[in-house]
Amino acid sequence: MFLSLLLLANAPAGQAADPIEPARAGQYQCVVPNREKKTCLGTTSYKITGGSYESTTRLFLAPKPLVTMELHTRGTIADGKLCETVKLADFQAGTVMLNGAPADENTSAAVKSQLTAAVAALDGKATCSTIKPAESGLLLNELTVDGTVRADLSQKFIWVSEKDGYGLGM
């Protein structure tokens with residue numbers, strides 16, 4: 001969840017009491033969607049168990065060659081918010097892909113180095129995402145870091161399912 005917000009980021013009026021109900025129903029977040037091309041700069045899916053979740057975030061990093069990364073994080077759900085602690089280890093454990101195949105060690109190390117440098121100042125910080133309505137049918141993950149809203153890390157998204165045909169890209 002945080003990863004997609006950082007490196008890219010509820011329902012319209014009458015939103016459901018549970019803003020993460022689409023995730024419970026198997027949908028995933030398409031961050032910064034291009035509806036015409038059916039692409040997302042990042043996606044995050046959730047496996048929710050009680051008051052906790054495991055997320056899988058996939059990031060679009062470069063078009064040619066196609067560079068993507070997959071990361072896994074864990075967090076808790078409190079008052080409809082998705083909360084977790086930023087851990088550099090999650091970035092370091094991510095899988096870098098080059099044109100759909102695992103990247104070589106040098107490429108992987110270079111990508112991970114850039115990403116960990118970008119989030120180093122947030123290592124160990126508590127983050128929470130509140131889902132709010134935005135314009136044009138979009139939603140906003142409003143991110144707080146240690147209780148302070150960070151508009152620069154908040155991202156617009158839509159909920160999509162596999163059958164909708166969205167993929168990573170610009």
Side-chain angles (χ1 to χ4, degrees), residues 1-9 20 22-23 26-49 52-77 82-129 131 139-146 150-170:
M1 176 260 327
F2 165 76
L3 305 171
S4 63
L5 299 173
L6 174 67
L7 300 169
L8 305 174
I20 56 173
Q27 291 185 314
Y28 59 93
Q29 293 180 346
C30 171
V31 179
V32 189
N34 179 327
R35 290 178 172 151
E36 287 181 18
K37 294 181 180 180
K38 290 198 167 197
T39 58
C40 317
L41 285 184
T43 63
T44 300
S45 61
Y46 301 91
K47 180 181 176 188
I48 299 171
T49 306
S52 64
Y53 66 87
E54 294 178 16
S55 68
T56 300
T57 298
R58 295 176 58 228
L59 304 170
F60 171 81
L61 301 174
K64 292 188 184 202
L66 177 62
V67 180
T68 61
M69 186 169 183
E70 182 172 295
L71 305 135
H72 302 275
T73 62
R74 296 174 182 261
T76 59
I77 301 167
L82 299 162
C83 300
E84 60 189 64
T85 300
V86 179
K87 298 175 188 154
L88 286 181
D90 292 336
F91 289 85
Q92 294 161 341
T95 303
V96 177
M97 304 292 282
L98 188 62
N99 291 322
D104 62 80
E105 193 173 313
N106 289 338
T107 301
S108 184
V111 169
K112 290 178 183 183
S113 175
Q114 289 179 5
L115 291 179
T116 55
V119 298
L122 298 172
D123 188 36
K125 304 270 186 194
T127 65
C128 284
S129 178
I131 298 172
L139 303 171
L140 176 70
N141 270 322
E142 182 180 75
L143 191 76
T144 61
V145 177
D146 287 343
R150 291 284 306 266
D152 60 318
L153 300 178
S154 299
Q155 294 289 320
K156 293 179 182 169
F157 76 97
I158 56 174
W159 290 109
V160 296
S161 64
E162 292 295 327
K163 68 176 176 53
D164 295 324
Y166 278 79
L168 293 177
M170 295 176 65

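Note: hydrogens, waters and symmetry copies are ignored here, and every other heavy atom, side chains too, is used.
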Side-chain heavy atoms of V67 within contact of V111, under 4.5 Å: yes

Flag, side chain of D90 to backbone of T73, donor-acceptor distance under 3.5 Å: no

Pairwise distance CZ(F91) to CG(L115) - rounded to 0.5 angstrom: 6.5 Å

Residue pair I131, W159: steps toward the side-chain contact (heavy atoms from CB on, under 4.5 Å) verdict: CA-CA 11 Å; I131 298 172; W159 290 109; 3.8 Å; yes

Closest non-hydrogen atom pair, S108 against A103: N-CB, 4.2 Å

Inter-residue atom distance K156.NZ - C30.SG, 0.5 Å rounding: 14.0 Å

Verdict with supporting geometry, L82 and I20, side-chain contact (heavy atoms from CB on, under 4.5 Å): CA-CA 9 Å; L82 299 162; I20 56 173; 3.9 Å; yes

Salt bridge (Lys or Arg N to Asp or Glu O under 4.0 Å) partners of K112, counting only residues at least two apart: none

Validation row: V32, F157 side chains within 4.5 angstrom (heavy atoms): no

Interatomic spacing from CG in L168 to OG1 in T43 - rounded to 0.5 Å: 5.0 Å

Side chain proximity check, E162 to Y28, heavy atoms < 4.5 angstrom: yes

Test item: T44 and N141 side chains (from C-beta on) under 4.5 Å apart, heavy atoms: no

Trace of the side-chain contact (heavy atoms from CB on, under 4.5 Å) decision for F60 with M69: CA-CA 7 Å; F60 171 81; M69 186 169 183; over 6 Å; no

Any donor-acceptor N/O pair, D123 side chain to A120 backbone, under 3.5 Å: no

Contacts of D104 that satisfy salt bridge (Lys or Arg N to Asp or Glu O under 4.0 Å) - sequence neighbours left out: none

Interatomic distance, L98 atom CG to L61 atom CG [nearest 0.5 angstrom]: 11.0 Å

Heavy-atom pair with the smallest gap, counting every atom of A23 and I48: CB-CD1, 4.0 Å

Side chain to side chain, S55 and Y46, heavy atoms closer than 4.5 Å: yes

Sequence-distant partners of E54, salt bridge (Lys or Arg N to Asp or Glu O under 4.0 Å), two or more places apart: R74

Point-to-point distance, once rounded to the nearest 0.5 Å, from NZ of K125 to CD of E84: 15.5 Å

Stepwise side-chain contact (heavy atoms from CB on, under 4.5 Å) test for T85 and T127: CA-CA 6 Å; T85 300; T127 65; over 6 Å; no

Check: E70 and T56 side chains under 4.5 Å, non-hydrogen atoms: yes

L41 side chain near L59 side chain, heavy-atom distance below 4.5 Å: no

N34 side-chain N/O to T39 backbone N/O, donor-acceptor pair under 3.5 Å: no

Heavy-atom side-chain contact between Q29 and T57 under 4.5 Å: no

More than 12 heavy atoms from other groups under 6.0 Å of NZ on K38: yes

Spacing of CG belonging to L122 relative to CG belonging to D146, to within rounding of 0.5 Å: 9.0 Å

Any donor-acceptor N/O pair, S154 side chain to R150 backbone, under 3.5 Å: yes

